[in-house]
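In the text below, chain A, chain B and the rest are named by the order of the sequence lines, each starting its count at 1.
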Amino acid sequence: MNWILPEGAWLGFEGLAAPLQIIRGLGGGTQGQVYEVELEGERLALKWYLPACIARDGGLEQRLVASIRTTAPNDDFLWPIALLRASPASRPLIRIRQESFGYLMPLRPPAYVGASEHAAGRLAIGLRQVLRACFCLSDAFHALHLAGLCYKDVSLGNLFLEPGSGSILICDNDNVAVDGADHGAVLGTPGFMAPEVLLGQARPGADSDLFSLAVLLFRLLTRHDPLKGQMELAIRCLDEPARRRLCGEDPVFIFDPVDARNRPDPIEHAAALITWPIYPRPLQALFVQTFCRGMKQPSRRALTGQWKQELARTLDRRALCPACDQENFQASGAQALCWSCASPLPEPITLSLPRGAVVAGPDNELHLHHFDALAGEDLRRPLARVVAHPQDHRRLGLRNLSTAAWSAEAPDGRAQPVQPGESCSLAALARIHTPEGPIAVQRPTRPSPAA
Amino acid sequence: MPFPDVKLANRPLHFLYLCDCSGSMAASGKMQALNQAIRQSLPGMAAVARDNPEARVLVRAVRFADHAAWHIEAPTPVEQLEWRDLQAGGITAMGEALKLVAAALQTPPMEVRALPPVLVLISDGQPTDDFSAGLESLLRVPWAQKSVRLAIALGHDADLEVLQRFIGSEPATAGRSPRRPLQASNATSLAQYIQWASTAVVGAASMPASRVSETPLEPAAGNIPLPDLPPTVLDPTDDVGPLVW
Ligand SMILES: Nc1ncnc2c1ncn2[C@@H]1O[C@H](COP(=O)(O)OP(=O)(O)O)[C@@H](O)[C@H]1O
Ligand SMILES: [Mg+2]
C-alpha cells in the first residue's frame, strides 16, 4: 500500500494542541485510507480522504462538522470525533500534492471482525450472537433515525461484529446527514440500495435506510441475498445492467408469498432454504413486509422499532434441542421439530413476565423491557440470566444480575432470598419477586415427548 | 451452537494478465519490475478476494514474445497463486496472445454464469504479428465483450494506439483515465497500476462499491463503473531519481 501519511511520523494538525503520531496504516478503500494513530497516549483511528473523493462530494466537510457537533446516536458507531487538516509545518510530510483532510474516530478493537467474514462463512459464531448483532444493528439505526439522521450507505462492508457476544460497530459514518437535507454525494451500495434510489427516482434517506437495513439483516440471518433466486440464475454476466434489473427494475423477494418467479434454487441457493425456516413467522413477516409491499412503497417498510421488538422476542424464544443442542426459535405451543435434526422439541419451561415471556434456555436473559411497558427493548443491561447447573446441564437456574435481592417462592409458598450474583434453581420454584416485577415459572402442562 | 454451515452462493471472477515478454522488456529492468509488481500485488488481491465472498477470484496469465503461451494456464484461486518469474526474449506476438485468451473465454471452458472477466494487457512496444486479427477474434467472444479491459504502457515505446484499441473507445474528456492506457514510466508507477487493477478493479467487478451521484465515476468498462485511479503518491524513494523507461 502506498500510504499517504508516513507511518511513524509525528504530524501537527490545525486545532489539535498536541502532535499526533501515525502508528500504522490499517487499510485503504475507495474513499481514503485509515490509520491507527496516537494522540496524547490514546489510540484512535484517522481516516484520510483521497482528493478525488473530496472533489466529488462537496458537502463532505460540512456533514462531518455537523456530525461531530451532534455526537454519536449510541456507542455502536465509530463516530467522527474531530476534523483534521495538516498544519503548515506538517503539510510537506503528506505525500500528495492536492489539499486534503481527514477525521478522527474511535479505533475498532481487534476482536471486531468485518461482517463479510460471517457472510463468507469463515466466522465461528452462533445463532444467538447473530440475532443479537441484528438487534444491535436495528437499535443503532433506531437511535440514528430518532435523532432525525439517516445513514445512506448501509452495507456489509461498514459493519463489524464481535462473534463472542454479537456486539457490533458501524464505521464509515461520513455520509450521515439530516434526513431529507440533501447534501451528499453517496447513493449507497448496489445490492443494498432501495430500488427507488438505484433507479434514480429518490435520494437516499431514512426510508431507503430501512430497505438497506432489511437487506443487511437478511444477509446476516441467512447468509444469502434477498433478491438472488431463479432470476439471478438466469443472468449469465452479473454486471451493472444486470444488477439494475435484478435489484431495481424488477426486484422480487425470493420468499415472496405471491410472486414465485424468484424462488431460491435448491442447490445454488441452499443457504437461504436452510436458514429461513429457522426464524419464527413474525420475524419473517417483517422481511415480507419490507421486500414485498415495501419494495415499491417506501413508507410500508418495517421500522427500526418493529425489528427491535421482533428480534428481541425471537431471542426470548430461544430453546436448545435436547437431541442435537442446536438453537431453535419457534413459537411456543406449536408442535415443533428441531430445524437441524428434526427431533421433536419438548415444551420448555417458560418465565412469564409482565411484558412477554422468556423460554428458560441457557444464556437467555431478562431485561427491563420485560417488566416495564415504557422501557424500549435494550439488551445491554440484563437483570437476570438463565444458567445451566455446572454439574447437570439439564438443571436450569436463574441468576440475579441486578443490584437488588429477589425473593424466590416455592409452590408451597415458602420464600427464600436470592442475592445479586446468586442463582436459584428453576425446578423448585413457582414465582420470583423482583423489584422490577414478578417472574412466574411455568412448567409444561403435558409431559415432554423426550421425557 | 454454530451458525448453520451453509455455503454462500458465489460466481467466478476471471482475472487475466497478458504480459509482454519481448526482448525489449529485458532493458532497464522492466521484466524484473513487472515480476516484482505482480508478486507484490498478490497479498492485496487476496485480501480483496476474501472481502468479497460473492466472488471466486481466479487468476491466469499469458506471456507473449516470439509466440504466445500460457504462463499460468489453470484458473488459480488468488490465495494459492505463486508467481514464477517471466523471462524476456524475442519479438511481440500480441495478436496471438489475444487469440489464446479468446479461446479461453469461450463457454466451455468458461462457466455459464460468472462476473465480468478482467483482462490486463501490459506492453512496452509494438505488436509484431497480426494484432487486428487477434483483437477481432477476441471481441467476437461474448465473455470478452463483457470483460473489463485495462492496458498498461511501459515506457515511451509502447504503442498507445494499439493498447487503446484493446481497451475500446477512448473517453471524451481529456486526462488520466482507466479507459486510456495507463502510462507507467518507472517501477513505482507500474507497481501502483498493477496494485490498482488487482485490488480496486477486482473489487468493483466482484462486489459493487458505494455509489456517488454528483460527478459520475470513471466511465464504465465492460458494464462495470471503474474506480478512481490511484492518487499520485509522492514516493520518498523517488528522490534518488527513479529509473525512467
Ligand atoms: N475506526 C476504525 N478502526 C480500525 N479500522 C478501521 C476503522 N475504520 C475503517 N477501518 C479499516 O480501514 C479500511 C478502509 O476503511 P473504509 O473507511 O471502509 O474505506 P472506504 O470507505 O474508503 O472504502 C478498512 O479495512 C476498515 O476495516
Ligand atoms: Mg467503506
Side-chain angles (χ1 to χ4, degrees), chain A residues 1-4 6 30-31 50-53 55-58 95-98 114 116 118-121 123-127 130 153 155 157 175 185-191 193 203 223-225 228 233 235-243 268-271 274-275 278 320 325-327 340, chain B residues 1-11 13 44 47 50-55 107 111-117 142-143 145-148 188 191-192 195 199-200 203-217 220 222-225 227-236:
Chain A
M1 180 74 74
N2 287 293
W3 298 112
I4 297 172
T30 49
Q31 300 178 304
L50 300 176
C53 169
R56 215 178 5 242
D57 185 357
R95 295 187 186 135
I96 36 175
R97 286 205 185 84
Q98 301 96 317
S116 61
H118 167 57
L123 205 58
I125 191 166
L127 279 162
V130 172
D153 193 14
S155 83
N175 297 307
V186 83
L187 293 177
T189 301
M193 272 154 96
R203 302 284 301 177
R223 269 196 201 143
H224 192 72
D225 192 297
K228 282 191 183 165
L233 285 193
I235 296 166
R236 300 188 68 170
C237 182
L238 190 59
D239 55 11
E240 278 291 294
R243 284 185 207 274
E268 291 289 326
H269 308 134
I274 291 169
T275 51
I278 296 172
L320 301 186
D325 244 11
Q326 186 51 278
E327 296 166 288
S340 176
Chain B
M1 274 303 283
F3 193 86
D5 181 21
V6 286
K7 186 175 131 270
L8 182 93
N10 62 23
R11 286 179 177 237
L13 186 153
R50 263 186 87 82
D51 286 348
N52 289 243
E54 285 140 279
T107 310
E111 296 83 351
V112 176
R113 283 185 293 273
L115 291 159
W143 278 118
Q145 293 161 10
K146 294 280 189 184
S147 68
V148 178
T188 308
Q192 276 182 24
Q195 192 200 344
T199 55
S206 59
M207 188 174 70
S210 297
R211 287 302 138 75
V212 291
S213 56
E214 255 129 66
T215 327
L217 288 173
N223 289 330
I224 289 299
D228 292 327
L229 282 172
T232 10
V233 172
L234 310 174
D235 191 325

*Any donor-acceptor pair under 3.5 Å linking the side chain of A/R223 with the backbone of B/P4?*
yes
*What part of B/A9 lies closer than 4.5 angstrom to a heavy atom of chain A: side chain, backbone, both or neither?*
both
Atom group of [X] that falls short of 4.5 Å from chain B, counting heavy atoms:
X      : answer
A/T275 : side chain
A/A119 : both
A/I235 : both
A/L233 : both
A/L50  : side chain

Nearest heavy atoms of [X] and [Y], plus distance in Å:
X      : Y      : value
A/Q326 : B/P2   : NE2-O, 3.2 Å
B/K146 : A/C237 : CB-SG, 3.8 Å
B/Q192 : A/N2   : CG-ND2, 3.1 Å
B/A205 : A/R243 : O-NH2, 4.3 Å

Going from [atom1] on [X] to [atom2] on [Y], what distance comes out if it is rounded to the nearest 0.5 angstrom?
X      : Y      : atom1 : atom2 : answer
A/L238 : B/S206 : CG    : OG    : 10.5 Å
A/K228 : B/L8   : NZ    : CG    : 7.5 Å
A/E268 : B/N10  : CD    : CG    : 8.5 Å
B/D228 : A/R56  : CG    : CZ    : 4.0 Å

*Could you have a look at B/Q195, B/R11, B/E54 and say which one has the most heavy-atom pairs with chain A under 4.5 angstrom?*
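Max contact count across the listed options: B/R11.
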*Among A/S340, A/A270, A/P241, A/G121, single out the residue with the greatest number of heavy-atom pairs under 4.5 Å to chain B.*
A/P241
